[in-house]
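So the structure is just underneath, and the comments pick up after that.
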Amino acid sequence: MSRWRTLPTNAVDQLKADLRADPFLRYILLLSVVMVGFWFWHRIPNFATRDEHSRLMDVMVAYGSVLENPSYEGLKAGVEWSRVPFGATFYLYALAILPVVLVAAVTGDLNAFTAIAFPSWEFGHYEAWAATPEWIWTWSLVFLRLTNVVAALGCVYLTYRLGVAIEGRTAGRLSAVVLSLTFGFLTISKEAGEDMPALFFVLLALYLLVRYVQTDDGTLFLAASAAGGVAIAFKLTAAPVILFIGVAFLLRAHAADAPMAESLVRPKLLVSGALFGFAMIVLGFPTALVAGPEPFIERVFGGSTGRMTHATGPDAPIWWWFLRGYFSAFGLPLFAAVAASVVGVVATLRRRASAFHGTALVLVGLTAYVALFSQWHDFRVHHLLPTFPLAALLVAFAFVRLRERSPRIARPLLAVVLVTTAIYAGVGTAQFASMPRDEATAWLEEHGEEGDVLEITRRDMQDAAVPHSMTVRHVFGEDSDEEAAMTCPRYIQVGYRDLLYLKDGTYYRNGDFQKEYLRRLLNEEYNYEIAAEFGTRPPNFVPQRPTPGSFVDLLRLGVVPHTDQFADEQELAANQYTLILERKQAGACNPDRHPPF
């Protein structure tokens with residue numbers, strides 16, 4: 001038990017020792033702070049992603065339910081309310097917004113939380129969002145995003161530690177720098193969700209396993225099992241960590257002086273590790289504690305298997321989805337470096353006796369995640385997040401080994417990779433300061449007057465530029481009646497996803513009536529004229545997406561950071577193109593205008 005108590009202290013001591021021993025580390029961490037934290041507050045008080053929206057609403061509804069009914073039943077009802085029964089993110093974000101709840105109690109705004117309990121699902125809970133004071137959303141999202149920034153910084157340091165533990169100080173520095181310049185990693189650091197906290201615990205488990213293989217300290221194995229369970233409780237796609245643990249156990253037996261068969265007979269350690277991990281998973285799902293096993297079992301076994309066949313993007317070969325994700329996340333030069341590094345590290349694996357076991361674990365991790373996603377219909381950049389630090393480590397290992405053999409080749413090659421990657425990531429990160437939806441929201445706040453109405457055809461407010469102070473008319477799924485058709489809002493908003501109706505044969509958004517309506521609206525035939533637009537207008541308003549299965553179309557994704565994405569991940573500038581139309585004459589309605597949504 002005393003060994004367990006010293007683990008947090010040892011971690012702090014290790015960080016202090018690294019800062020003393022490595023003068024470059026503080027500058028690497030400073031670079032990381034700038035890159036992951038730059039403009040992390042974009043879109044606030046609106047939401048960056050649907051996941052961010054759901055995670056915050058989960059905890060706000062739970063707070064409201066408990067405040068309204070301070071009992072076990074109130075807690076149970078609040079926890080059970082959710083889009084889906086998600087796990088440990090609930091605890092993390094309930095703690096993150098606790099200061100906001102306390103301030104609301106002091107200022108007399110606590111009724112805002114009780115009023116938000118069990119809100120309407122229409123237009124992404126817009127009514128509850130609009131009725132709640134803006135400062136509550138602003139500071140709640142700020143605290144949520146900051147937890148993600150801190151988790152991202154923790155991931156950078158753990159990547160550094162892994163590099164140092166496996167290959168030495170130079171590899172640690174280089175891997176941390178590469179991760180800090182990986183654009184896909186940076187985009188996910190600027191939203192709240194379960195991806196980054198899950199990655200932190202995956203890397204923590206991996207580091208503890210590397211140290212276990214090197215030292216044969218059983219406490220580290222158990223701690224890694226617990227960390228792996230927490231990672232899975234945050235996000236089920238962290239499941240390959242179970243394979244990490246099993247392979248680490250085998251590698252430790254391989255490294256031991258005793259015969260391997262004898263070293264494998266450690267039932268107490270294996271059973272204890274499995275129980276630790278399973279306990280963390282179960283405890284990490286609050287629904288398992290208040291609603292019984294059924295929601296937990298359905299989420300873990302039903303939801304995870306269903307994701308393999310659930311289509312959230314067009315049909316395309318799986319290699320196209322991998323290249324699409326990695327081109328966008330890395331940029332072409334870093335992608336080429338990663339691909340070459342994997343080959344180089346595998347080829348020299350046997351020659352690095354001291355680094356063999358740690359390098360093997362990293363390779364196993366990368367292979368496991370690639371194998372997992374290769375079974376899916378499609379995936380997003382944020383799903384690939386766990387592979388980014390593993391790829392950064394392999395790049396570092398490859399360059400360290402190349403420098404030992406051919407320093408004249410390694411140095412200029414490394415310089416080219418780092419400079420081009422820094423430019424790609426720097427441009428992409430800087431663009432967060434001028435995102436189209438943020439600019440559209442600011443324009444509406446500046447030009448709108450009291451009583452003005454904004455019409456939007458999106459399903460969720462997160463997909464649109466919505467000022468907190470403006471009344472919104474949401475027409476997606478509304479009943480068609482004459483009164484609704486004759487309503488004349490001052491502004492109509494058209495976004496990138498609306499424009500997809502103008503492109504023939506698109507995934508998900510097709511329809512002749514919608515296409516004709518949007519074309520006439522954009523041609524200013526309904527007594528509305530274009531008042532402002534934000535972002536780059538697609539040619540003739542028709543989005544140009546990479547053709548599914550086309551390698552050539554994908555190349556642009558590795559050159560331009562903010563490119564077209566699919567489905568529910570954070571939408572970058574290309575997806576945020578926003579057009580505002582304003583009514584030409586007050587009171588003049590065109591009876592032919594009827595939004596067919």
Side-chain angles (χ1 to χ4, degrees), residues 36 40 43-44 47-66 75-76 78-101 113 116 124-125 137 139-155 185 187-205 226-239 241 277 279-291 295-296 298-300 302-304 307 380-383 385-386 462 568-570:
V36 304
F40 74 90
R43 299 236 63 210
I44 292 174
F47 308 93
T49 65
R50 188 170 300 171
D51 284 353
E52 178 179 84
H53 187 171
S54 296
R55 304 309 167 263
L56 178 54
M57 290 301 299
D58 286 350
V59 295
M60 292 194 77
V61 167
Y63 269 119
S65 178
V66 171
L75 175 64
K76 181 176 183 294
V79 170
E80 286 183 314
W81 183 94
S82 180
R83 179 162 64 96
V84 285
F86 273 89
T89 318
F90 180 92
Y91 302 119
L92 179 64
Y93 290 162
L95 184 62
I97 72 166
L98 181 58
V100 178
V101 178
F113 284 90
I116 210 173
H125 315 299
W137 297 112
W139 285 104
S140 294
L141 284 167
V142 163
F143 285 130
L144 261 60
R145 301 265 185 95
L146 282 175
T147 62
N148 219 54
V149 169
V150 171
L153 295 174
C155 292
F185 175 77
T187 62
I188 298 165
S189 73
K190 302 180 194 307
E191 64 181 58
E194 63 272 10
D195 295 275
M196 199 64 76
L199 176 62
F200 174 84
F201 283 98
V202 167
L203 292 176
L204 177 60
V230 174
I232 295 172
F234 270 106
K235 193 172 182 70
L236 294 177
T237 51
V241 76
M280 291 299 103
I281 296 173
V282 174
L283 293 174
F285 278 81
T287 47
L289 303 181
V290 301
F296 171 76
E298 172 59 27
R299 175 61 188 157
V300 172
S304 58
R307 185 58 186 85
R380 311 289 159 262
V381 173
H382 73 91
H383 291 122
L385 176 65
Q462 174 261 313
D568 63 350
E569 70 180 321
Q570 183 186 79

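On a predicted model such as this, the values are computed, not experimentally measured, just so you know.
- By the 30° and 60° cut-offs, the orientation of the rings of His125 relative to Trp81 is tilted.
- Asp58 and Ser82 are linked by a side-chain donor-acceptor pair at a separation below 3.5 angstrom, with hydrogens and angles left out of the test.
- Tyr63 contributes a side-chain N or O that, together with a main-chain N or O of Ala94, makes up a donor-acceptor pair within less than 3.5 Å.
- Here the shortest heavy-atom pairing between Ala96 and Leu144 reads CB-CD1, 4.0 Å.
- Listed by first then second residue, pairs satisfying salt bridge (charged side-chain N to carboxylate O under 4.0 Å, His left out) with a partner in residues 193-205 read Arg55-Glu194, Glu194-Lys235, Asp195-Lys235, not counting sequence neighbours.
- In plain terms, the two heavy atoms of Pro286 and Tyr91 that are nearest each other are CA-OH, 3.4 Å.
- Between the side chain of Asn148 and the backbone N or O of Lys190 there is no donor-acceptor pair closer than 3.5 Å.
- Partners of Phe234 by ring-ring contact (aromatic ring centres under 6.0 Å, His included), not counting sequence neighbours, listed by chain and number: Phe201.
- We find the CH2-CD1 distance between Trp137 and Ile97 to be 9.0 Å, quoted to the nearest 0.5 Å.
- Checked by atom type and distance alone, the side chain of Ser54 pairs as donor or acceptor with a backbone atom of Arg50 at under 3.5 Å.
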Glu191/Phe40 under side chain to side chain contact (heavy atoms under 4.5 Å, CB included): CA gap, chis, key distance, verdict:
CA-CA 7 Å; Glu191 64 181 58; Phe40 74 90; over 6 Å; no
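- Taking 4.0 Å as the cut-off between side-chain N and carboxylate O, Arg43 and Glu52 do not count as a salt-bridged pair.
- The CG atom of Leu385 lies 4.5 Å from the CD1 atom of Ile188; values are rounded to the nearest 0.5 Å.
- Counting only distance, with no hydrogens or angles, the side chain of Tyr93 and the backbone of Thr147 share no donor-acceptor pair below 3.5 Å.
- Every residue two or more places apart in sequence or in another chain that forms a side chain to side chain contact (heavy atoms under 4.5 Å, CB included) with Met280 is listed here: Ala226, Val230, Leu283.
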